[in-house]
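A short write-up of the structure that comes next.
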Number of protein chains: 2
Amino acid sequence: MPPTPRRSTILEVARLAGASKTSVSRYFGAERERLSPSLQTRIAHAAGTLGYQPNQMARGLKGGRSKLLGMLVADIRNPFSVAITHGVEQACRQYGFSLIVCNTDNDPEQERQHLDLLGAYQVEGLVVNASGNPERQLHNFISLGTPIVLLDREVDHVEAEVVGLDNHQAIDMALEHLADQGYQAVLYVSEAPEQSSTRQKRLLRFSQTAEQHGLNYTTSLLTDMNGAATLQALSDFLTTHQRHACAVLCGNGNATLIVTRLFQQLGLPLGTVGLMGIDELDWCALVPPGITTLAQPTEAIGKTAVQCLMHRIEPHAALMPKELSFAPTLIERGSTQR
Amino acid sequence: MPPTPRRSTILEVARLAGASKTSVSRYFGAERERLSPSLQTRIAHAAGTLGYQPNQMARGLKGGRSKLLGMLVADIRNPFSVAITHGVEQACRQYGFSLIVCNTDNDPEQERQHLDLLGAYQVEGLVVNASGNPERQLHNFISLGTPIVLLDREVDHVEAEVVGLDNHQAIDMALEHLADQGYQAVLYVSEAPEQSSTRQKRLLRFSQTAEQHGLNYTTSLLTDMNGAATLQALSDFLTTHQRHACAVLCGNGNATLIVTRLFQQLGLPLGTVGLMGIDELDWCALVPPGITTLAQPTEAIGKTAVQCLMHRIEPHAALMPKELSFAPTLIERGSTQR
DNA sequence: CTGTTAGCGCGTTCAG
DNA sequence: CTGAACGCGCTAACAG
């Protein structure tokens, strides 16, 4: 076998099958039916022996159809993001598209670079879980006719479907549950809200409605990975509300992780001091007596995002999903049992 | 703005800059220096106003260089895989390549399809964390001159670098630690080893060397997600070795998760009955008194895999890594403290 | 230093 | 139902 036996081309298949390029092209395209049975078998055979595979690059060049979708993920190491990515990927496959996943590590610069790349590869649609505010580049895609869907986070001045959790409902459900369980004071812990519309919405909703649930409340922002500032906020909170039944509500999975560590550092008994988090994680059931969470329907969110895109790419293949905003599911565990 | 204002082409830039296609091509290629400063600015300006971006598809078509790497991941929802993927991605970026990540969900059929796809997109290299035994297709890539590197799992009859943990060392370290801590009997819990050379190696090594560490031992394979069979095995094990200090060693992160649940179901006191796992997870520190683990250097593994590939794609850009087999790090916690 | 020419592999006319 | 010819956007020779 030669060192680099070039990938075989459509022409070689055609020759070996005693047919023309066009016929082979049709065979691999959407018009296989229109070829005579005899030709079909000849081509199939030839392609088989040569191990031929149409070159997507060349294909895309001609029709402008890359059959590629791009996805921007702010933090791939977040299990929640992974779960959604998984849904997105499944859906892509289903529609016959491939997916280029780009992780930005919450860095706007990487985000810019990745968007350029995705453009260069002619993706036909974009699922964006933004890190910064790449409105400039997103508009670029839009004006080129490339559909975009926003995942979990909005981007200023970019009009596109936003698929994700119903944040108001989530906060409301959490507050209701905590109130029901008899907690009287709640501390809301969130990661820095600047870069994420979702964090902002949850935080705001919390501040606006905690009172209506008859709860005293405070908020604290996580500044570093250790939550040093929040440790302080937490002790202060507990001191201030000594006479109340206290609980902490975590704005997302990462907050839950950090706060759980804090609880252990302070030796707080889970439940007596309530703990609840948005995002369900593998281990929430494992930390005794179990951490109560609000689970997001991640697969559905991912699938829906792709469906939005497909609806605009191939309107006949997918209809516009009716719901873009999803309700969480309450998973009750011991950490909110007094 | 027109509905689909085609992405501008090299020709348009050339015209607007009053230059030729070639010069523009050179400007965006590796020969920018060789253009006169005046031409450079003209092109830069023209490209800027047109928002021009070279089309990678067309580029790849010509030179056969797609600047794309492919990665096959057996299970993207496994945090360990994610961590490695993250390393791979970072390294790609560093070498100016993009990455198409394909998750196979441990399904050989999906694996086949994804390999075809990656071929169709002309990836220049492949990082493979295999689900099945796609030797046929991998050989195809190899004979086409596309370098391959195997991640964590070997594939029968495919000769390629295998990057991953030093499994023997890992098992030895675990056994040594358990013996040191005074445990006398160890149960090894592994996921089904059929599809994974790594699981086989660990299992085998365990069976072969547990005795040398003066330990009684048994093994159990996880059959379903609940570990029903292992629950039985675990009670049997504890009954049999009532008079011994018992411990369980988990072959990977998922096993640790399941076994931890089992411990809770049985009300086993962590530490009194030892528990240790290969793979470090977010929550291992959180389940009191903390679960002892052997952490893999995931970022390093990912980076090394890419480096192998790059060494064969652009020998001048990367040298062959010296070490392909990595040592784990012992993270000692309460679960192995009697 | 710069422009001209010829394809890369394929899909798509448009005749037969 | 089939085949010949053209061009997608770009880079690699090869002039000048």
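Numbers restart at 1 for each chain; the letters A, B, ... are given by sequence-line order, proteins then strands.
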_So for the helix from C:dC1-D:dG16 to C:dG16-D:dC1, with five pairs setting each end axis, what is the inter-axis angle to 10°?_
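Rounded value for the end-axis angle: 30°.
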Whole angstrom is fine here: how far is it from [atom1] in [X] over to [atom2] in [N]?
X	N	atom1	atom2	result
B:R26	D:dA12	CZ	C1'	9 Å
B:L11	D:dG7	CG	P	13 Å
B:Q56	D:dG9	CD	C1'	12 Å

*Specify the residues of residues 12-22 of chain A, ordered by number, for which at least one heavy atom lies under 4.0 angstrom from an atom of DNA chain D.*
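The answer is A:A19, A:S20, A:K21, A:T22.
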*Of all pairs that satisfy salt bridge (Lys or Arg N to Asp or Glu O under 4.0 Å), the ones with a partner from residues 130-157 of chain A, not counting sequence neighbours*: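 Residue pairs passing salt bridge (Lys or Arg N to Asp or Glu O under 4.0 Å), neighbours aside: A:E154-A:K201.
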*asked:* Can you see whether A:H86 engages B:D105 through a side-chain donor-acceptor pair at a distance of less than 3.5 angstrom?
replied: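 There is such a pair (donor and acceptor under 3.5 Å, judged by atom type) between the side chains of A:H86 and B:D105.
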*asked:* Any base atoms under 4.0 Å from B:Y27, or only sugar-phosphate, or nothing? Heavy atoms, all strands.
replied: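 B:Y27: no heavy atom of the nucleic acid under 4.0 Å.
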*Check every strand shown and say whether A:F28 touches a base, only sugar-phosphate, or nothing at a heavy-atom separation below 4.0 Å.*
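Touches nothing.
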_Below 4.0 Å from chain B heavy atoms, what is the first contacting nucleotide of DNA chain C and what is the last?_
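On DNA chain C, the outermost contacted nucleotides are C:dC1 to C:dG9.
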*Contacts of type side-chain hydrogen bond (donor to acceptor under 3.5 Å, both in side chains), residue A:R93, not counting sequence neighbours*: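 So A:R93 forms a side-chain hydrogen bond (donor to acceptor under 3.5 Å, both in side chains) with B:Q110, B:Q113.
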*Among residues 31-44 of chain B, which contact DNA chain C at a heavy-atom distance under 4.0 Å?*
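Of all residues in residues 31-44 of chain B, the ones placing a heavy atom under 4.0 Å from DNA chain C are B:R34, B:L35, B:S36, B:L39.
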